[in-house]
S.K.: 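This structure is in C-alpha cells; I'll ask about it shortly.
Below, read A as the first sequence line, B as the second, and so on, with proteins coming before strands; counting in each chain starts at 1. Worth saying up front: this structure is predicted, and the values here are computed from it rather than measured.
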Amino acid sequence: RPPAYGVLPRPCRALVLLNPQSGAGRALEDFQAVVQPMLAEADIATTVFVTERPHHAHEKVRDEDLSQWDTLVVMAGDGLLYEVVNGLMERPDWEDALKKPLCILPGGSGNALAASINHYAGNDHVAKKKLLTNCTFILCKGLHTQMDLVSLSTASGKRLFSFLGFGWGFISDVDIDSEKYRRLGNARFTLGTLQCLAKLRVYQGRLSYLPAAPEQDTPPAPRDPPADSLLVPLGQPVPPHWTVVPEEEFVSVYAIYQSHLGTNLLMAPAARLHDGCIHLFYLKAGISRVALLKIFLAMARGTHLDLNCPHLRYVPVRAFRLEPRAAAGIMTVDGEALACEPVQGQIHGRLCPRGRQSLPPTQEPPPPPKQ
Amino acid sequence: GLSPPATTSGAKVWGCRQWHRTQGRLFPPSEAPAVRGVRAGPSPPLRAVGVRGAEAGWHGAVGKGPGAIASAQRWEEPPVLPVPTASLVLASSSAYKRFSELLPKEERENACSARLPESRILTLPELRANPFQHQICRAFSTSEEGDGSMSFEDFLDMLSVFSDTATLDIKSHYAFRIFDFDGDGVLDRKDLEKLVNCLTGDGEESRLSTAEMEQLIQNILEESDIDKDGTINLSEFQHIVSRSPDFTR
C-alpha cells in the first residue's frame, strides 16, 4: 500500500512549543538564529510558546483550542513531544486533534526521533546543528505522513502513548544516567554505558509478545480512545498465540518503534514511521561486559545484530507484555522514567483508519528499502 | 573540625586522619596535611574520616605508583561515621573487627601492626566482584614491596573513602588517581585503554578489537574532554563525576 503524504497549507501557521532549557539553554537562541529565518522563507508563521515547567506543554495542548494552528512544532527533546502526544490523546476530540501534523526539531536534548526522521529521509547521519537544519528543512517542505503509536498500559492503571520506545534495565539505566550528562549539550551515552557496565545487573521478569506477521492487516480499532484490541487485561495470562520468552533473567529489554535510540545509536535500521511494528530487543542475563560493549559500539553503525551475540535477541512484534518480578530496574518510555511495574503495549498503526491520520511529523518520502 | 578524643587508660589516641595522604600536588594547597594526626588548620571538607593512632605519625606522601581505583562498587556497610567522636570510635572498631577477622587467628592479637595480604582483602564482598579490585588495593596499600598488602590504617583509609559519608570530592580524587595508571596527572589514551580493560575483565573472553577500542576512546574523549587536548585532566574528570555521584561508587 503506497504511503499517503499530505502537504502543509501555505501560508502555514505553526505553534512552536519550546523548552528553553534544551540544548544547554540554547534552544531559544538556536530557534531564532536557525529555524525562524528558514520558516519565514517557507511562508510558515510561528508563534512560540515557551514552556516553564514539566507538563506545561501537556496541559496546553490538552486544554486549548488548537484550531488556529496548522501544525504543532516541538523544539526540544523527545520528552516534550511525549508530553504533546499524551496531551492530545487526553482530549475528547483526540481524533480530530491527531489530524494535525506534528513536527520535532531537535532542541539539543534527547533527539532520537529527529535522528530517526533524518534517517528515513535518506540523509547522512549528522550531528546537532546540522540535524536541526535538516529537520527544519523537512518542515519547510511540509510533507507529512502517518506515524505509528504504541499504547502502553501499566498495572497501576496508567495508559500512555509512546512514539519512540519502551525500555527496562540496562538500556533504560543508561538512557536516564546519560541524561545527567546532557547539560553540556551532547548525549553522553558512552559515559553512561561505562558507568552502568561497571555495576551490571540482572533483572528477573517474564516477557511475552505477539510476533508480527507479515502482511497482516490491522483490524480497524474501535474509537474512543483507540482500544487495545490485541491485549487482554494484565491480570490474565497472555493469549495462547503469544510467545512467552523462556528465559526469566534479563540485562535489558527494549521495545523500539523508530530507528534511532539516540542520535548516535541506530538500533533498528529497518524501522519506519509506520511499519506497524514494534522492534523488540532483549539482552539475556549472562552476557559479558565485553560483549555488551561491542554491541553498544556496533550500534553506532547499526551492525549490532551482525555480531551474532547469543545473548542479544531481536524479534519484530505487534504487542508485548513485561512483568518484572520485583520493582527493580528503571523503566523508560520515550526516554522518561516510569515506575517499574508490569506493562503491556501494542502498536496502533494508522490510528485513524478512515481518512488522514494525524500523527505524523513532516517527512520526506522514504527512499525505496535497501535490500 | 574533629578534635582528638581523650586518651583512655593508655590505649592509642585516635586522632583525625588525613584523607589525602598522597601526592600533595593533586590537592589544593589549602588542604595540606597537618602533622602527627592532629589537624592544625581548618577542617577538611569532609564529614567522615578514618581514625588512626597518633603515634603512627604521618605517613607522608606515600608513593602509590600508578594504579588506581575506579570504584564502581557500592560499599554496603559504611564503616566510618561522621562526628560525633563516639560514633567514629565505634565505627572504626567495626572496621577493626572486619580487619582482624581477615587475619589468621594467631595474628589477631597484634592486628594493629599486622599487614593483611592482598589475597585476603580481595575476599571482602565489596571487592570480590569489583573489576578494579587490584587497583583499589594498590591505591591504598602502603606496602613498600608494592604487593597490595594493607595495614589497619590502610584498610581504614580505604573504607572511609568508599563510605557513603566521604564526599564526592574525596571519592573523585581517589578515582582519578586510580584511573591515572601512569601517574602523570592526566588520563590519556593509554590510561583509558587500561581502564576499559579493567572494566571488561581479563577473562578468556575476547577483548575489544583495536578498532572498537579506538572508537570507544574517541567517544569518551568527545564526551568528556572539554579543552580538546586529547586527555582528561582532574577538573574535567570531576566535572563528569559531579554530574553523577554514582560514578565513583
Side-chain angles (χ1 to χ4, degrees), chain A residues 24 108-109 125 127-128 170 172-202 262-266 286-304 306-311 329-330, chain B residues 69-76 126 129-133 135-136 175 178-179 187 192-193 195-228 232 236-237 239-249:
Chain A
S109 305
H125 163 76
K128 271 186 38 193
F170 181 79
S172 299
D173 292 346
V174 172
D175 211 349
I176 296 294
D177 274 352
S178 55
E179 177 94 34
K180 299 180 195 134
Y181 301 127
R182 271 181 202 149
R183 274 199 267 153
L184 283 196
N186 297 306
R188 295 177 167 203
F189 278 110
T190 307
L191 293 180
T193 298
L194 289 175
Q195 178 187 323
C196 290
L197 209 57
K199 47 181 167 137
L200 193 57
R201 288 187 54 183
V202 152
T263 36
N264 290 320
L265 293 170
L266 177 53
I287 190 172
S288 69
R289 289 185 170 110
V290 176
L292 202 39
L293 250 186
K294 285 178 185 268
I295 289 171
F296 167 74
L297 292 170
M299 222 185 267
R301 292 170 306 275
T303 57
H304 44 293
D306 300 338
L307 294 174
N308 291 317
C309 171
H311 292 92
I330 295 180
Chain B
I69 293 176
S71 161
Q73 200 84 343
R74 220 195 120 99
W75 291 97
E76 275 159 33
E126 296 92 331
N130 190 314
F132 303 99
Q133 48 179 218
Q135 280 64 32
I136 294 172
I178 278 172
F179 285 128
L187 305 184
L192 292 177
E193 237 186 81
L195 166 61
V196 169
N197 285 328
C198 276
L199 194 58
T200 55
D202 278 322
E204 310 89 43
E205 282 275 349
S206 52
R207 290 193 166 190
L208 295 181
S209 72
T210 321
E212 284 166 338
M213 180 64 81
E214 189 50 46
Q215 180 191 352
L216 187 56
I217 291 180
Q218 202 44 54
N219 284 6
I220 295 173
L221 288 175
E222 254 167 51
E223 292 176 17
S224 43
D225 181 12
I226 299 173
D227 61 11
K228 304 290 169 213
I232 303 174
E236 285 163 341
F237 181 78
H239 194 100
I240 301 165
V241 166
S242 71
R243 295 266 170 268
S244 173
D246 270 0
F247 194 82
T248 42
R249 281 195 193 278

S.K.: Where do A:R289 and B:L199 come nearest, in terms of heavy atoms and distance?
M.R.: CD-O, 2.9 Å
S.K.: Roughly how far apart are B:T200 OG1 and A:L292 CG, rounded to 0.5 Å?
M.R.: 11.5 Å
S.K.: Enter the distance from A:L297:CG to B:Q218:CD here, rounded to the nearest 0.5 Å.
M.R.: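 Interatomic distance, A:L297 CG to B:Q218 CD, rounded to 0.5 Å: 12.0 Å.
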S.K.: Considering all heavy atoms of both residues, which atom of A:K294 and which atom of B:S209 are nearest to each other, and what is their separation?
M.R.: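 Closest approach of A:K294 to B:S209: NZ-N, 4.1 Å.
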S.K.: To the nearest 0.5 Å, tell me how far B:Q215 CD sits from A:L293 CG.
M.R.: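 Nearest 0.5 Å value for the CD-CG distance: 10.0 Å.
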S.K.: Heavy-atom distance under 4.5 Å between the side chains of A:T193 and B:N219, does that happen here?
M.R.: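 Heavy-atom side-chain distance check fails, nothing below 4.5 Å.
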S.K.: Let me confirm one number: the CG-CD distance from A:L194 to B:E223, rounded to the nearest 0.5 Å.
M.R.: 8.5 Å
S.K.: Measuring from atom CD of B:E212 to atom CZ of A:F296, what distance do you get when rounded to the nearest 0.5 angstrom?
M.R.: 12.0 Å
